[in-house]
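Okay, structure first, notes after.
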Amino acid sequence: MTSWLKKIQQSPRLQFILFGVLLSSMAILPLLGVVRSSTMSIYAYIIIYTVVALGLNLLLGFSGLISLGTAGFMGAGALGIGVFMNMGLPFELAVVLTLLVSAMIGAFIGLFSLRVNSIYLAIATLFVGEILRQIYSQVAIFGGEGINIGPVRFFGLIELNRSLRPERSLIFLILVIVLVVMMIVAYNIVKSSTGRALMAMSRSENAAQAMGVSILKYRLTAFITATLFATIGGILYGIYFQDAPTRQWDLNLSLFLIAMVVVGGIKSFFGMFLGVFIVHGLSDLFLKDWLGDVSFIFSGVLIIVVILFYPYGTVHIWVDFKRFLKYIKSKIDKRKGVTPRG
Amino acid sequence: MTSFIRIFFNSLQTGSVIALAALGIVLIFRTSRTTNFAQGSIGTLNAYVAAMLYSSWGLNIWLVAFLSILTAFITGIVIDTFIIRPAARVSPISKQIITLGIILIIVGMLPYLFGIDPMTFPRFIRTGGIPIAGATLTYNTILTVSVSLILMLLIFWFIQYTKWGLAIRVTASDEQTSKLMGVPTKTVTMFSWATAAILGTLAALIVAPTAGVNINMLLDVQVSAFFAGVLGGFQTFYGAVIGAYLIAFARNYTIFYISDTWGNVFVYLAILFFLYFKPYGLFGKKPTKKV
């Protein structure tokens with residue numbers, strides 16, 4: 001038993017899987033009537049945003065690049081599969097095509113980023129986001145207000161419809177599985193030579209170049225990966241809500257996504273979930289019931305306070321908590337008359 | 001020809017609005033090293049104050065404008081002292097997210113302070129204008145455009161030729177060193193926030209008669225102001241202002257003569273294309289970097 005625990009402690013990949021197993025309880029609880037099924041939808045949102053935040057973290061945390069167009073790519077995911085599936089294409093093909101399209105836009109931004117830096121790059125991505133938003137609301141194939149996706153057939157085997165409760169739980173399970181896979185993918189990228197190259201690039205581009213890191217290759221990698229994560233988040237939105245609105249993918253959502261990464265803890269994996277939970281989940285799960293409309297003010301204050309006191313993210317609360325436990329322990333030991341070791 | 005001139009007058013006014021907002025953003029970017037996403041929200045907050053003073057209290061419109069500028073000044077100072085200054089050591093990205101927090105607080109506060117009904121705010125000069133080639137140049141447009149131009153010129157003069165302006169310029173170029181040289185950088189930053197809030201509020205008051213007073217009244221202006229900053233370059237204070245007028249003219253003319261749905265997109269793509277060749281804007285130079 002203890003050897004199992006040790007194994008889990010040493011392997012983040014096992015931790016991700018265990019986390020997924022815990023999270024999937026949310027799919028079963030509404031069926032038993034323990035929690036409201038709207039709670040499951042909030043967790044679905046949390047999973048979707050976590051996937052997007054994992055990609056944004058690669059960009060913001062590990063590569064030191066910023067994007068204000070993330071929401072646009074989420075929209076590309078949701079609306080993309082909507083358009084392709086309405087054309088009659090199977091779900092899998094729609095996903096592949098959507099990912100291809102947004103990877104191309106991501107590559108375009110990556111190329112652009114070779115010339116443009118810092119705030120100019122941030123606002124250049126805002127340009128892309130605004131152009132995408134205009135396209136979503138004006139082009140006829142996106143249906144003006146949104147696209148109804150309807151039941152999704154996976155691999156030609158099972159068709160899942162969100163209006164039936166058990167099937168909605170199954171969709172939620174798919175979301176959890178994708179989240180765990182994306183967490184492992186993000187972890188693998190960071191721990192590979194690509195991750196090391198990205199981090200070298202974020203510290204000093206000139207030094208990285210001198211060590212043989214190709215800026216072109218890794219900027220493209222960073223932007224394409226981040227857009228793919230965002231698009232996958234959007235696709236998950238399409239699968240779960242089976243409806244793709246055109247108007248919600250704006251600058252505010254992009255800012256919120258950055259807030260999630262920053263509040264959770266840059267360069268951390270569980271931190272992304274924590275950040276999404278604090279910025280998005282907390283207000284929807286508890287604050288709206290307890291405080292009503294004040295939840296907006298409260299979220300704002302929360303973001304500011306967290307950034308002021310934990311500039312490296314809330315994951316570091318855990319470190320402080322451990323230190324606090326140690327402190328208490330030493331106090332108790334002293335009172336017992338035992339001299340602390342070490 | 002008539003519509004050409006009418007659009008010209010309109011663009012002058014939209015250009016002034018964007019320029020006011022953009023100048024505020026650049027001022028804060030240079031002195032506080034943060035992108036202020038809350039520029040629009042701060043202006044909106046004070047526009048609400050103005051609308052309330054005007055419609056509920058029935059004060060004179062000029063007095064209302066003066067009072068709302070006063071509250072804007074206070075808002076700027078409060079935000080700087082309680083939120084921005086304690087965050088001096090926070091990383092640049094986190095600092096931007098702090099301004100998102102400010103947006104949330106303001107948006108959350110508005111319904112409590114002013115109710116949920118949309119409000120209105122009239123033009124400063126209700127009627128009258130000069131007919132020029134079939135189009136009318138209203139007295140209100142003349143007033144708003146000239147006030148914003150004079151104000152911005154005054155700010156440029158202040159930055160370029162006074163001792164405090166020198167303090168702003170040195171803080172913008174290197175805060176650490178200027179602090180060591182005895183420049184009161186804290187005061188400089190505080191007044192930058194206050195000035196930016198005033199500029200945002202003026203933009204809001206000019207937009208208010210047409211857009212109405214609501215939470216999203218400055219959304220478009222703010223995004224355009226960022227674009228203006230990029231087009232003109234963040235390294236000079238006047239770049240963003242020129243960029244703002246350029247964007248206003250380009251957008252209004254393309255929307256009218258080429259396509260009303262895709263005009264924006266054409267202009268954005270053109271600016272992106274331009275940015276590829278001049279990555280630091282019209283007036284920006286490539287900063288030197290130590291290895």
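Keep in mind that the numbers below use all heavy atoms, side chains included, and drop hydrogens, waters and symmetry copies. The chains referred to below are lettered A, B, ... by the order of the sequence lines, with proteins before strands, and numbering in each begins at 1.
In this structure, I83(B) CD1 and I304(A) CD1 are separated by 4.0 Å, a value rounded to the nearest 0.5 Å. From I303(A), atom CD1 reaches atom CG of L104(B) across 5.0 Å, with rounding to the nearest 0.5 Å. To the nearest 0.5 Å, atoms CD1 (I66(A)) and OG1 (T35(B)) are separated by 7.0 Å. Rounding to the nearest 0.5 Å gives a distance of 8.0 Å between CG of D220(B) and CD of E130(A).
Only the side chain of L68(A) comes within contact range of chain B, with at least one heavy atom under 4.5 Å from a heavy atom of that chain. Within the 4.5 angstrom heavy-atom criterion, only side-chain atoms of L251(A), from C-beta onward, approach chain B. Looking at S91(B), neither its backbone nor its side chain comes within 4.5 Å of chain A, counting heavy atoms on both sides. Residue Y312(A): no heavy atom, backbone or side chain, is found under 4.5 Å from chain B.
Here the shortest heavy-atom pairing between L308(A) and A87(B) reads CD2-CB, 3.4 Å. Taking every heavy atom of both residues into account, P311(A) and S94(B) meet most closely at O-OG, 4.1 Å.
Residues L126(A) and Y268(B) have side chains not in contact (no heavy-atom distance under 4.5 Å, counting atoms from C-beta outward). Between I135(A) and W262(B) there is a side-chain heavy-atom pair separated by less than 4.5 Å.
In terms of non-hydrogen atom pairs under 4.5 Å with chain A, the most contact-rich of F226(B), F37(B), F227(B) is F227(B). Heavy-atom pairs under 4.5 Å with chain B were tallied for L302(A), V116(A), I119(A); the largest tally goes to I119(A).
Between the side chain of Q134(A) and the backbone N or O of T261(B) there is at least one donor-acceptor pair closer than 3.5 Å. Side-chain atoms of Y120(A) never come within 3.5 Å of backbone atoms of G233(B) as a donor-acceptor pair (strictly under, hydrogens ignored).
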Verdict with reasoning, I131(A) to N264(B), per side chain to side chain contact (heavy atoms under 4.5 Å, CB included): CA-CA 8 Å; I131(A) 292 172; N264(B) 275 345; over 6 Å; no
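Residues of residues 96-103 of chain B that come within less than 4.5 angstrom of chain A, heavy atom to heavy atom, are Q96(B), I97(B), I98(B), L100(B), G101(B), I102(B) in numerical order.
Note: F112(A) and Y276(B) have tilted aromatic rings, judged against thresholds of 30 and 60 degrees for the angle between ring planes.
Counted within 6.0 Å of OH on Y257(B), heavy atoms from surrounding residues, nucleotides or ligands total more than 12; the atom is thus considered enclosed.
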